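I have placed the structure first, in the form of structure tokens, so that the comments after it can refer back to it.
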Amino acid sequence: MGKQESHGVVSDLIDFLNASPTAFHAVDEAKKLLRSAGFHQLSEKELWELQPGSKYFFTRNHSTIVAFAIGKRYVAGNGFYIIGAHTDSPCLKLKPVTKVVKGGILEVGVQTYGGGLWHTWFDRDLTVAGRVIVREENAGSVSYSHRLVRIEEPIMRIPTLAIHLDRNVNTDGFKFNTQTHLLPILATTLKGELNKVSSENGPVESKTGASNTKHHLLLLQLLASKLGCEPDDICDFELQACDTQPSTIAGAAKEFIFSGRLDNLCMSFCSLKALIDATSSDSSLEEETGVRMVALFDHEEVGSDSAQGAGSPVMLNAVSRVTNSFSSNSNLLEKAVQRSFLVSADMAHALHPNYMDKHEENHQPKLHGGLVIKTNAGQRYATNVVTSFIFREIASKHNLPVQDFVVRNDMACGSTIGPILASGVGIRTVDVGAPQWSMHSIREICAVDDVKYSYEHFKAFYQEFFHLDGKMVVDI
């Protein structure tokens, strides 16, 4: 990949991150990229009519997306070459009832999602984004639309307590209660009242006749203004607090990316772009006998147990439906799974110069060092010697660096979608990820070079896996 092309990958990632404050927005951006690359949208509710040499995608819950390109020489029972990642990140999600008033202050009720470094959310300029169900009326007919929304400007903040009121904070540590202390401030009651639309009859009545007691009217007005509707047209929403500081290339040598949600939108974007570019030319799928696929799941940060998480059958459904579109023989699905391969791509822990004792001595991934292969004897990662060898060989052929990570024996090991899909589907899997610092902080750090390496490695996987796999025999 040339210098200009590699720079484009990084700048495209920055654009993707800045356009994707939530999983819903990330999927929406992915849809735009796929459509512009000639992928056709499918619906899980309809029958699929697929053709060799064509490219498709579908979404589930608008927070999970699966895209695939079928080789021109594909026949039912052939393998799927898949990269899996996730669209969600730890955040503060708004509660079903957000209206909180304390001490003359309008606050917004939130609940913690995932294992975030919640102390990093204090003293940040916050806003809200997500999706809204909007009531629409046309010629006496009522319908309901699913709309994405994002308020760009900072409207909330969670202020820390002054040191004068917490004298031991620097010696005892910053301690807080996520229920009582982690509430974003929206406005004072004084200014909130002045900014509300006046109502002669007290609480605003919705068109269903119910009074609004769940949310501050000021918040609903801000949302309605962005959506181009009235506050009482908002039936319900699924929103989260978001940092307003944009993602950027940074550092004295411009070698870092400072951003929220690198875990795991960085891997989501690199795998998506790799699939698009590995299938972009007319000849890309000419000799391909398999199916190249990317699967980006929601809810990884909370265990993947949902209809759109990796614990659901969404990926297996896709494999099954493609296989069955080309043959009525139901026995071919098992054959296809055993010929398939999954790269579970989730960000990895880079060696931190201030906490070097947190890494095992012989397994210290570094920034700029390329993708990290993760291994765990307890199967917290799904990597084995065969799957890691295949992934290393692809790197070797393209002169790409690769690193290893094993957690210390005296520390607990995290996990990924890899073991969930490996055990649930029976697919061979390798767990990998680009190295980063500050994982699960509101602002994370990764290296520009590792974005390029990840993209190149994923693209090479799509192009090279079938040929390499044919030289590897294990179960005979």
Side-chain angles (χ1 to χ4, degrees), residues 19-29 31-32 41 43-45 58-65 87-88 91-101 106-113 126-153 155-156 183-187 189 192-193 195-242 298-299 302 306-309 312:
S20 305
T22 73
F24 308 117
H25 289 82
V27 166
D28 205 54
E29 288 301 305
K31 287 171 61 177
K32 294 174 185 176
Q41 184 166 6
S43 170
E44 289 191 283
K45 298 178 181 179
F58 68 90
T59 66
R60 183 178 289 190
N61 191 53
H62 211 278
S63 59
T64 287
I65 187 166
T87 59
D88 62 320
C91 65
L92 299 177
K93 297 210 172 192
L94 274 61
K95 292 179 177 178
V97 178
T98 64
K99 192 174 186 178
V100 178
V101 182
L106 306 184
E107 295 185 303
V108 178
V110 295
Q111 55 184 328
T112 55
Y113 175 87
L126 304 176
T127 188
V128 294
R131 62 177 176 176
V132 181
I133 305 299
V134 179
R135 182 183 188 274
E136 297 178 344
E137 187 171 345
N138 185 19
S141 176
V142 176
S143 61
Y144 302 92
S145 64
H146 174 273
R147 308 266 298 277
L148 299 189
V149 67
R150 177 186 191 180
I151 298 175
E152 300 283 350
E153 59 269 19
I155 62 169
M156 304 187 304
L183 283 98
I185 288 175
L186 182 68
T189 53
E193 289 295 324
N195 282 282
K196 285 198 308 187
V197 175
S198 61
S199 173
E200 296 178 359
N201 301 314
V204 174
E205 295 287 327
S206 73
K207 292 176 181 177
T208 61
S211 297
N212 168 47
T213 58
K214 296 174 64 175
H215 312 291
H216 295 299
L217 180 58
L218 180 57
L219 176 60
L220 294 177
Q221 288 174 335
L222 290 169
L223 293 170
S225 177
K226 293 294 292 186
L227 292 164
C229 68
E230 295 299 321
D232 57 342
D233 288 326
I234 297 175
C235 301
D236 209 345
F237 56 62
E238 188 174 349
L239 302 176
Q240 65 191 58
C242 308
D298 194 5
H299 293 153
V302 291
S306 69
Q308 54 273 7
S312 77

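All values derive from a computational prediction rather than experimental measurement. Basis for what follows: all heavy atoms, side chains included, without hydrogens, waters or symmetry-related copies.
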Once you round to the nearest 0.5 Å, how far does CG of Leu92 lie from OG1 of Thr112?
7.5 Å
Give a yes or no on whether the backbone of Asn138 and the side-chain of Ser141 come within a donor-acceptor separation of less than 3.5 Å.
no
Strictly distance-based, threshold 3.5 Å: is any side-chain N or O of His215 a donor or acceptor partner for the main-chain N or O of Val108?
no
Would you find a donor on one side and an acceptor on the other, under 3.5 Å apart, between the side chain of Thr127 and the backbone of Ile151?
yes
Using the rule given for side chain to side chain contact (heavy atoms under 4.5 Å, CB included), can you reason through Lys226 versus Leu222, listing the C-alpha separation, both sets of side-chain angles and the distance that settles it, and then say yes or no?
CA-CA 7 Å; Lys226 293 294 292 186; Leu222 290 169; over 6 Å; no
Do you know which two heavy atoms are closest between Lys95 and Val110, and how far apart they sit?
CE-O, 2.9 Å
Which heavy atom in Ala19 sits nearest to a heavy atom in His25, and how many Å separate them?
O-CB, 3.5 Å
Heavy-atom pair of closest approach, residues Leu227 and Arg147:
O-NH2, 2.6 Å
Should the pair Phe24 and His146 be assigned to parallel (<30°), tilted (30 to 60°) or perpendicular (>60°) ring geometry?
perpendicular
Over all heavy atoms of both residues, which pair between Ser312 and Ser306 is shortest? Give the atoms and the distance, please.
CB-O, 3.1 Å
Which atom of Cys229 lies closest to which atom of Ile234, heavy atoms considered
SG-CG1, 4.1 Å
For residues Tyr144 and Asp236, determine if any side-chain heavy atom of one lies less than 4.5 Å from a side-chain heavy atom of the other.
no
With rounding to the nearest 0.5 angstrom, report the OG1 to CD distance, Thr98 to Glu107.
11.5 Å
Donor-acceptor contact below 3.5 Å, side chain Gln41 vs main chain Thr59:
no
Donor-acceptor pair, side chain of Asp88 and main chain of His299, under 3.5 angstrom
yes
Determine yes or no for a side-chain-to-main-chain donor-acceptor pair under 3.5 angstrom, with Thr87 supplying the side chain and Ser63 the backbone.
yes
What are the two closest heavy atoms between Cys242 and Thr22, and how far apart are they?
SG-CG2, 4.4 Å
Report the distance from atom CD of Gln308 to atom NE2 of His62, rounding to the nearest 0.5 Å.
12.5 Å
Would you sort out whether Ser145 and Glu136 count as a side chain to side chain donor-acceptor pair (under 3.5 Å), showing the intermediate values?
CA-CA 7 Å; Ser145 64; Glu136 297 178 344; 3.0 Å; yes
